[in-house]
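Report on the following structure.
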Amino acid sequence: MSRTAGGCGRGVASAAAGALGGVNLGALRSHNTALVLDLLRTAGTEGISRLELAERTGLTPQAVSKITARLREEGLVAEAGRRASTGGKPRTVLRLVPEAGHAVGVHLDRDELTAVLCDLTGAVVAQRGTPLDLGAGAETVVERAVREVGALVAGGGRPGALLGVGVALPGPLDHRRGVLHRVTGLPEWNGFPLRDVLARRLSLPVVVDKDTNAAALGLAVGDEAAPFTSFAYLHFGAGLGGGLVIGGAVHRGTRTGAGEFGHQVVQLDGPPCGCGNRGCVEALCLAAVARGEPAEAARVLGVAAGNLVALLDVDLLLLGGRTVAAAPETFVRGVTAVLDERARRAGAEAVPVRLASGGERGVAEGAAQLLLAPLFGRAEG
């Protein structure tokens, strides 16, 4: 790529300034507007009438008319035809305009970067990927992220309102301030204000969260776990972590440290882990995979998953990450076997285990939802 990282950053800022000019995002971030937008989103191309919006939101027809009029002025909603009514004139049907807004999602994994550009429905319209060394230092990683975001936006055509950039990476970190803590095995990141640094470089809003939380958010917004409202997403890639959705919202904890699933100790005299403990489930699972024993890794993962189910009583387990994707049947079967055995001993019904959708870009898509989901009032805790 011929442009420098700084040039890409200015390109993103310039494109964003033009795209954001016609949309008052602040006016859209209200509870009632979110209710209407979410119903428009789920209605799809068939659309929904103002009367149906009023009936399903509990808002008055006048309030719905004001909200939809503003959304039409902003270019986020358009007419989708007319529908016959039981009496009187046909009703005008409205639909969301997916291309009216976009968000960038970036997954900074330990050894690769994945970036996606998503429209308002969360559909991916462009993506990029490149090798990455997360341990190469903050300056190097930030330069790479800025360059890839710039190239992604430039190559994605002329998007509508660019809402910002969601960034997901291994934790622990402070989601509210966008500051990293001692990332396991990479203590040099401790205290780095990633959100503010990237926001300055890109001249865009930036949200930072753990990779597992972002993926869990994407799964919840996409109704992956329906009809369950509480589930755990276990991500096994270069490392092992968990994302929790409780009562339909991502559970981050008071200090945003929930979901450090991989660092529960399951063997007191086990091998050392990068976090400083011994016998962590992550260390045991990674060692089993390195020995070419994915079935053993799945068994250990099942033991740890069983602990989580017993503690939180979630309704569903979703498995993802590239290590799982390399042997999906082995991992689903292995985890299921452990949970089934525990359920039989307790005389209870076993929690179902499924593969999560999204594949290798699932975390990046979830990172984009860090910007998109709040517009629709979805899955934010």
Side-chain angles (χ1 to χ4, degrees), residues 168 170-171 209-253 257-266 280-282 284-286 288-289 294-360 362-363 365-366 369 379 381:
D209 205 346
K210 289 197 298 187
D211 46 12
T212 50
N213 286 344
L217 174 62
L219 293 168
V221 171
D223 298 322
E224 174 89 4
F228 304 118
T229 59
S230 297
F231 67 88
Y233 167 71
L234 304 183
H235 183 90
F236 191 11
L240 176 62
L244 304 173
V245 172
I246 308 296
V250 175
H251 177 70
R252 297 184 174 90
E260 287 299 315
F261 172 83
H263 299 293
Q264 57 175 301
V265 175
V266 294
C280 289
V281 62
E282 177 179 289
L284 295 171
C285 285
L286 288 173
V289 170
E296 173 63 11
R299 186 186 71 83
V300 175
L301 181 60
V303 170
N307 294 342
L308 185 151
V309 169
L311 183 64
L312 296 179
D313 196 21
V314 293
D315 301 315
L316 174 69
L317 282 176
L318 294 170
L319 306 181
R322 67 174 184 263
T323 302
V324 169
E329 293 183 3
T330 298
F331 278 97
V332 171
R333 184 169 57 246
V335 173
T336 297
V338 176
L339 296 186
D340 284 352
E341 176 59 27
R342 286 198 178 192
R344 279 194 296 271
R345 292 200 302 266
E349 185 176 347
V351 172
V353 180
R354 303 177 190 165
L355 286 177
S357 64
E360 294 187 3
V363 173
E365 291 183 43
Q369 288 294 347

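We count residues from 1, following the sequence as given. Bear in mind the structure is a predicted one, so any value in this text is a computation, not a measurement. Heavy atoms only: backbone and side chains are in, while hydrogens, waters and symmetry mates are out.
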Where at least one partner belongs to [range], residue pairs that pass ring pair (Phe, Tyr, Trp, His ring centres under 6.0 Å), sequence neighbours excluded:
range	answer
residues 298-320	none
residues 340-359	none
residues 310-330	none

Shortest non-hydrogen separation from [X] to [Y] and the atoms involved:
X	Y	answer
Gly262	Cys280	O-CB, 3.6 Å
Val332	Thr336	O-OG1, 2.6 Å
His251	Ile246	CB-CG1, 3.9 Å
Gly253	Ala258	N-CB, 4.0 Å

**Request:** Measure the spacing between CG of Asp209 and CD of Gln369 and express it to the nearest 0.5 Å.
**Result:** 13.0 Å

**Message:** So, taking the atom named CG in Leu339 and the one named CZ in Arg344, what distance separates them when rounded to the nearest 0.5 Å?
**Reply:** 10.5 Å

**Message:** Among residues at least two apart in sequence or on other chains, which ones pass side-chain hydrogen bond (donor to acceptor under 3.5 Å, both in side chains) with Asp211?
**Reply:** none

**Request:** Not counting sequence neighbours, which residues clear side-chain hydrogen bond (donor to acceptor under 3.5 Å, both in side chains) with Arg333? List them please.
**Result:** none

**Asked** What pairs of residues pass the salt bridge (charged side-chain N to carboxylate O under 4.0 Å, His left out) test when at least one of them lies in residues 231-250, not counting sequence neighbours?
**Response** none

**Asked** For residues 317-331, which residue pairs qualify under salt bridge (charged side-chain N to carboxylate O under 4.0 Å, His left out), counting only residues two or more places apart or in two chains?
**Response** Asp109-Arg322, Asp111-Arg322, Glu112-Arg322

Under 3.5 Å donor-acceptor pairs involving side-chain atoms of residues 351-360, not counting sequence neighbours:
from	atom 1	to	atom 2	distance (Å)
Ser357	OG	Glu224	OE1	2.7

**Request:** Start with the C-alpha distance between Leu244 and Phe261, add both sets of side-chain angles, then the distance that settles side-chain contact (heavy atoms from CB on, under 4.5 Å), and finish with yes or no.
**Result:** CA-CA 10 Å; Leu244 304 173; Phe261 172 83; over 6 Å; no

N/O donor-acceptor pairs under 3.5 Å from side chains in residues 232-240, not counting sequence neighbours:
from	atom 1	to	atom 2	distance (Å)
Tyr233	OH	His235	ND1	2.6

Just list the side-chain donor-acceptor pairs under 3.5 Å for residues 294-320, sequence neighbours left out, or say none.
from	atom 1	to	atom 2	distance (Å)
Glu296	OE1	Arg299	NE	3.0
Glu296	OE2	Arg299	NH2	2.9
Asn307	OD1	Arg342	NH1	3.2
Asn307	OD1	Arg342	NH2	3.2
Asn307	ND2	Gln264	OE1	3.2

**Request:** Check whether any side-chain N or O of Lys210 sits under 3.5 Å from a backbone N or O of Gly242 as a donor-acceptor pair, and report yes or no.
**Result:** no

**From CA spacing to verdict: side-chain contact (heavy atoms from CB on, under 4.5 Å), Leu219, Val245** = CA-CA 9 Å; Leu219 293 168; Val245 172; over 6 Å; no

